[in-house]
Amino acid sequence: MRYDLVIFDNDGVLVDSEPISNRLLAAYLTELGYPTSYEDSIRDYMGSAMHRVHDLVLERTGERLPDDFDDVFHGRVFAAFEAELKPVAGTAGVLEQLAADGVPYCVASSGSHERIRVGHRTTGLDRWFDESRIFSSQDVGRGKPAPDLFLYAADRMGVVPERCAVVEDSPLGVQAAVAAGMDVYGFTAMTPADRLRGATHLFSDLGQLADLLE
């Protein structure tokens with residue numbers, strides 16, 4: 001394989017969480033008096049850390065979200081995950097092939113460590129990811145689209161950026177990977193290809209990924 005490390009985004013790439021979390025985020029923002037549609041949430045917040053939600057609401061309205069916003073939102077999301085969350089089709093096959101080929105991999109997500117863990121436990125993906133393979137925007141000062149998280153993950157895994165491939169499904173994630181100097185494989189199952197401009201490659205089926213990485 002041409003890469004020494006494959007870095008996966010989590011939400012929308014490994015676990016099919018984006019429809020759940022963006023539905024709930026739109027509903028909660030609307031409930032608080034900031035009308036937001038599901039499509040608005042996908043456009044503005046998909047792939048970002050929670051601070052972006054706070055920043056954009058403050059920028060647009062001059063008002064701050066409640067202090068307990070993150071806790072309430074995550075409580076709703078985790079409850080929905082337990083009831084609804086599934087792995088993205090093809091995830092297990094890709095991880096099995098990478099493991100069989102001895103190719104190092106990890107996850108670098110805008111979500112919190114708790115969110116990653118809840119999603120992996122619920123979907124059975126926890127068997128593939130011990131703590132040494134999990135990196136969160138909580139670990140760095142700036143989330144995507146800054147390159148910090150991907151650079152941190154590569155450094156911790158002992159691989160130089162140019163030998164890394166990132167698998168992303170959000171425009172912010174693609175920007176971050178490009179800024180980190182890494183090849184990025186844009187997953188278009190949920191995101192239109194024209195929103196992932198800048199990706200090294202585009203693909204729509206996770207089952208195709210292992211062959212693309214060779």
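The first residue in the sequence is number 1, and the count goes up from there.
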Discussion item. For the CG atom of Leu14 and the OG1 atom of Thr123, what is their distance to the nearest 0.5 Å?
Written reply: 8.5 Å
Item to complete: Evaluate whether atom CZ of Arg156 has more than 12 neighbouring non-hydrogen atoms of other residues, nucleotides or ligands under 6.0 angstrom away.
Response: no
Worksheet entry | Sidechain-backbone polar pair: Glu168 side chain, Ala177 backbone, donor-acceptor under 3.5 Å | no
Item to complete: Decide yes or no for Asp9 and Val107: does some side-chain heavy atom of the first lie under 4.5 Å from some side-chain heavy atom of the second?
Response: no
Worksheet item: Should Phe78 and Thr122 count as side-chain neighbours, where that means a heavy-atom distance under 4.5 Å?
Response: no
Worksheet item: Side chain of Asp40, backbone of Thr36: donor and acceptor closer than 3.5 Å?
Response: no
Worksheet item: Is Arg133 reaching over with its side chain to a backbone N or O of Tyr105, donor-acceptor style, under 3.5 angstrom?
Response: yes
Worksheet entry | Minimum-distance pair of heavy atoms, taken over all atoms of Ala180 and Pro161 | O-CB, 3.3 Å
Item to complete: State yes or no: do Ile134 and Val140 share one hydrophobic cluster built from I, L, V, M, F, W and Y residues joined by side-chain heavy-atom distances below 4.5 Å, directly or via other members?
Response: no
Worksheet entry | Residues Arg60 and Asp55 bridged, charged N to O under 4.0 Å | no
Worksheet, complete the sentence: The reported gap from CD1 in Ile7 to CZ in Phe135 (rounded to nearest 0.5 angstrom) is 8.5 Å
Worksheet item: Testing Val174, Asp183, Val166 for side chain to side chain contact (heavy atoms under 4.5 Å, CB included) with Thr200, which one passes?
Response: Asp183
Item to complete: Could you tell me whether the side chain of Arg163 and the main chain of Arg2 form a donor-acceptor pair under 3.5 Å?
Response: yes
Fill in: Within-4.5 Å side-chain heavy-atom neighbours: Val178 and Gln175
no
Worksheet entry | Arg76 to Tyr28 six-membered ring, cation-pi geometry met (6.0 Å, 45°) | yes
Worksheet item: Which heavy atom in Leu151 sits nearest to a heavy atom in Met182, and how many Å separate them?
Response: N-CE, 4.2 Å
Worksheet entry | Residues that Glu63 engages under salt bridge (charged side-chain N to carboxylate O under 4.0 Å, His left out), provided they are two or more places apart | none
Item to complete: Would you mind reporting whether Val6 and Pro104 have side-chain heavy atoms less than 4.5 Å apart?
Response: no
Discussion item. Does Glu82 form a side-chain contact (heavy atoms from CB on, under 4.5 Å) with Arg121? I'd like the steps, not just the answer.
Written reply: CA-CA 9 Å; Glu82 296 287 354; Arg121 185 180 67 249; 3.4 Å; yes
Fill in: Sidechain-backbone polar pair: Asp139 side chain, Ser136 backbone, donor-acceptor under 3.5 Å
yes
Worksheet item: Are any non-hydrogen side-chain atoms of Arg117 and Glu131 less than 4.5 angstrom apart?
Response: yes
Fill in: Nearest non-hydrogen partners of Ser204 and Ala189, listed with the distance
O-CB, 3.9 Å
Worksheet item: Where do Leu56 and Asp44 land on the side-chain contact (heavy atoms from CB on, under 4.5 Å) test, with the steps shown first?
Response: CA-CA 9 Å; Leu56 282 184; Asp44 293 340; 4.1 Å; yes
Item to complete: Kindly indicate whether the side chain of Leu65, heavy atoms from C-beta on, has any atom under 4.5 Å from the side chain of Leu29.
Response: yes
Worksheet entry | Closest non-hydrogen atom pair, Leu213 against Leu98 | CD1-CD2, 4.5 Å
Practice prompt. Check for a donor-acceptor pair, side chain of Thr91 on one end and backbone N or O of Pro87 on the other, with a separation under 3.5 Å.
Written response: no
Worksheet item: Between Phe187 and Leu209, is a side-chain contact (heavy atoms from CB on, under 4.5 Å) present by the stated rule, with each step listed?
Response: CA-CA 9 Å; Phe187 186 37; Leu209 181 61; over 6 Å; no
Worksheet item: Does Leu172 share a hydrophobic cluster with Ile116, counting links as ILVMFWY side-chain heavy atoms below 4.5 Å and allowing steps through other members?
Response: no
Worksheet item: What's the spacing between Ser137 OG and Asp148 CG if we round to 0.5 Å?
Response: 10.5 Å
Worksheet item: Between atom OG of Ser109 and atom NZ of Lys144, what is the distance when rounded to the nearest 0.5 Å?
Response: 5.5 Å
Worksheet item: Are Val57 and Met46 in one and the same hydrophobic cluster, where Ile, Leu, Val, Met, Phe, Trp and Tyr link if side-chain heavy atoms are under 4.5 Å apart?
Response: no
Discussion item. Within the 4.5 Å heavy-atom criterion, are Arg142 and His51 side-chain neighbours or not?
Written reply: no
Worksheet item: Would you say Met157 and Val94 are hydrophobically clustered, going by side-chain heavy atoms of ILVMFWY under 4.5 Å?
Response: no
Worksheet item: So, the side chain of Arg52 versus the backbone of Tyr45: is there a donor-acceptor pair under 3.5 Å, distance only?
Response: no
Worksheet entry | Residues, nucleotides or ligands: over 12 heavy atoms within 6.0 Å of Asp194 CG | yes
Worksheet item: Short question: side chain of Ser41, backbone of Leu25 - any donor-acceptor pair under 3.5 Å?
Response: no
Item to complete: Please report the shortest heavy-atom distance between Leu206 and Ala89, naming the atom on each side.
Response: CB-O, 3.5 Å
Worksheet item: Taking only residues two or more places apart in sequence, or in another chain, which ones meet Asp130 in a side chain to side chain donor-acceptor pair (under 3.5 Å)?
Response: Ser132
Discussion item. To the nearest 0.5 Å, what is the distance between CG on Leu24 and OH on Tyr38?
Written reply: 10.5 Å
Worksheet item: Any side-chain heavy-atom pair from Tyr3 and Val159 closer than 4.5 angstrom?
Response: no
Discussion item. Please identify which of these residues, Glu18, Glu39, Glu84, meets the salt bridge (charged side-chain N to carboxylate O under 4.0 Å, His left out) condition with Arg23.
Written reply: Glu84
Practice prompt. May I ask you to decide if Gly173's main-chain N or O and Ser170's side chain share a donor-acceptor pair within less than 3.5 Å?
Written response: yes
Worksheet item: Of the non-hydrogen atoms in Asp169 and Gly12, which two are nearest, and what is the gap between them?
Response: OD2-CA, 3.4 Å
Discussion item. Quick check against the 3.5 Å criterion: does Thr188 have a side-chain atom that pairs as donor or acceptor with the backbone of Thr191?
Written reply: no
Worksheet entry | Inter-residue atom distance Tyr185.OH - Phe203.CZ, 0.5 Å rounding | 9.5 Å
Worksheet entry | Connected via hydrophobic side-chain network under 4.5 Å: Phe8 and Val103 | yes
